[in-house]
Amino acid sequence: MFDSPHRRFNPLTGEWVLVSPHRAKRPWLGQVEKTPLENLPQYDPNCYLCPRNERAGGFRNPDYESTFAFDNDFSALLPDETPAHASDHPLLASVSERGLCRVVCFSPRHDLTLPELDNVSIENVIATWTEQSVELCTKDFIQYVQVFENKGAMMGCSNPHPHSQVWANEHIPNEPARELELQKKYFAENNRTLLSDYLAEEHKRGERILFTNDHFTALVPYWAVWPFEVILIAHGNATRLNDLASAEVSALAKIMKQVTTRYDNLFEISFPYSMGFHQAPFDDQPHHEWTLHAHFYPPLLRSATVRKFMVGYEMLAMPQRDITPESAAERLRSLSDIHYKHEAH
Ligand SMILES: [Zn+2]
Ligand SMILES: [Zn+2]
C-alpha cells in the first residue's frame with residue numbers, strides 16, 4: 001500500500017511526481033485574505049507562525065526576534081526509512097522518497113514581506129536558508145535542498161505571515177536534475193559554466209538586465225515564460241548558498257530587495273510569486289559546472305487581478321507569452337526603487 005512519501009515515474013516524459021499520501025489536512029489561512037498581504041497587523045493572535053502562538057500538534061512558537069525555522073507540521077517528506085515499493089510492472093515504477101521539510105519565518109512581524117525588511121534582516125533570512133541547507137544535507141541520504149517561497153494566496157500560500165520553505169530530498173528533483181544535466185554538458189564542451197557565459201553575453205547586450213552589483217545580477221531571462229520572470233545569477237564560483245562570503249550575502253540581500261520592491265511597485269500591491277534558489281546537489285561531488293542562481297516566477301500579467309494562466313496549449317504543448325522579456329525588463333527598470341507604501345503621495 002502507498003501510505004508513505006514516494007515518487008512515481010512518468011514513462012512518457014521521463015519525469016517524476018512526488019506523492020505524499022500521509023499528509024493530513026493542512027491549515028489554510030490564505031482564503032480569508034481579501035487583498036493579499038495588505039493592511040495586516042504586526043501580530044495576529046490566530047497566526048500559527050507569529051511568536052508565542054500555538055501550532056498544530058500542540059507546539060508553541062518561541063518568542064523569536066529574528067528568523068525562526070522549524071520542521072513543517074504537515075511535511076510532504078519524512079526522514080524515516082520506509083519499505084521499498086515493489087513494482088509489479090515496468091510502466092508502474094515508483095521508489096520511496098525520504099526527506100525533510102522545514103519552514104523559515106522571515107521575522108516576528110506578521111506584516112513585513114521581503115521588500116519591506118531592511119538589508120540586515122534579509123541577510124539574516126539568507127543566513128538561515130544557508131544554515132538549514134547545510135544542516136539538512138548532513139543527513140547522509142539527502143542529495144538535494146530546495147529553498148523556496150510561495151508569496152500570496154494566488155500562489156497557494158496558506159498563511160500571509162512572510163515565510164519560506166526548505167525541502168531536502170533523497171533524490172534530485174526534476175528541475176534541478178535537468179539543469180544539472182545541461183550545465184554538465186555545457187561545462188564539458190566549453191570548460192566554462194553555462195550561466196557565467198550567459199551572464200557575460202547579457203551584460204554585453206544590456207537590454208534584459210535589471211540590476212547588478214559586485215556579486216549578483218538580476219535580469220529577465222531571454223527564455224522567460226512568466227510575464228515578469230526574473231533570474232538572479234551569482235557572479236563568482238558559488239555553487240551553493242554556503243559558498244557565499246559575507247559581502248556576497250549582503251549583495252544578494254540588496255538585489256533581492258531591489259527586485260521585490262519593483263515587483264510591488266509594478267501594480268502597487270504585494271506582488272505574488274514563487275521564488276527559489278537552485279543550488280548544486282549536495283551529493284559530495286564538486287559541481288564545477290554549477291552556478292548558484294534563483295528564479296522568480298510571478299503570475300501577474302496586466303494588473304493586480306489579471307494573471308497569466310498556464311492552461312490549454314501551455315499544458316499540452318509548450319509555454320507561450322505575449323509581452324517580450326525585453327519590454328518586461330524595461331517596465332521593471334522604469335519603476336521607483338522606493339517601495340510604494342513609503343512613497344509620499
Ligand atoms: Zn503571523
Ligand atoms: Zn535554475
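Here the structure is a predicted model, which means the values were calculated and not measured. Remember, it's 1-based here, ligands and their atoms both numbered in the order they're listed.
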Exercise for review: Find, among atoms of H110 that are N, O or S, the one nearest to the Zn ion (ligand 1), and state its name.
Suggested key: ND1
Review point. With R205, which of E201, H203, E202 fulfils side-chain hydrogen bond (donor to acceptor under 3.5 Å, both in side chains)?
Key: E201
Revision key, fill the gap. Between C47 atom SG and C50 atom SG, the angle centred on the Zn ion (ligand 1) rounds (to 10°) to 120°
Review point. Between R307 and F309, is NZ or CZ placed under 6.0 angstrom from the six-membered ring centre and within 45° of the ring axis?
Key: yes
Review point. To the nearest 10°, what's the angle at the Zn ion (ligand 2) between atoms NE2 (H295) and NE2 (H293)?
Key: 100°
**Study point:** With N61, the side chain to side chain contact (heavy atoms under 4.5 Å, CB included) member among R55, E54, R52
**Key:** R55
Practice item. Determine, step by step, whether S133 and N242 satisfy the side-chain contact (heavy atoms from CB on, under 4.5 Å) criterion, reporting the C-alpha distance in whole Å, the side-chain angles of both residues, the deciding distance to 0.1 Å, and the verdict. Key: CA-CA 8 Å; S133 300; N242 56 306; 5.7 Å; no
Review point. Rounded to 10 degrees, what angle sits at the Zn ion (ligand 2) between E179 OE1 and H278 ND1?
Key: 90°
Review point. Do other residues, nucleotides or ligands put more than 12 heavy atoms under 6.0 Å from the CZ atom of F59?
Key: no
Exercise for review: Assess H161: does it contribute an N, O or S atom lying under 2.8 Å from the Zn ion (ligand 1)?
Suggested key: yes
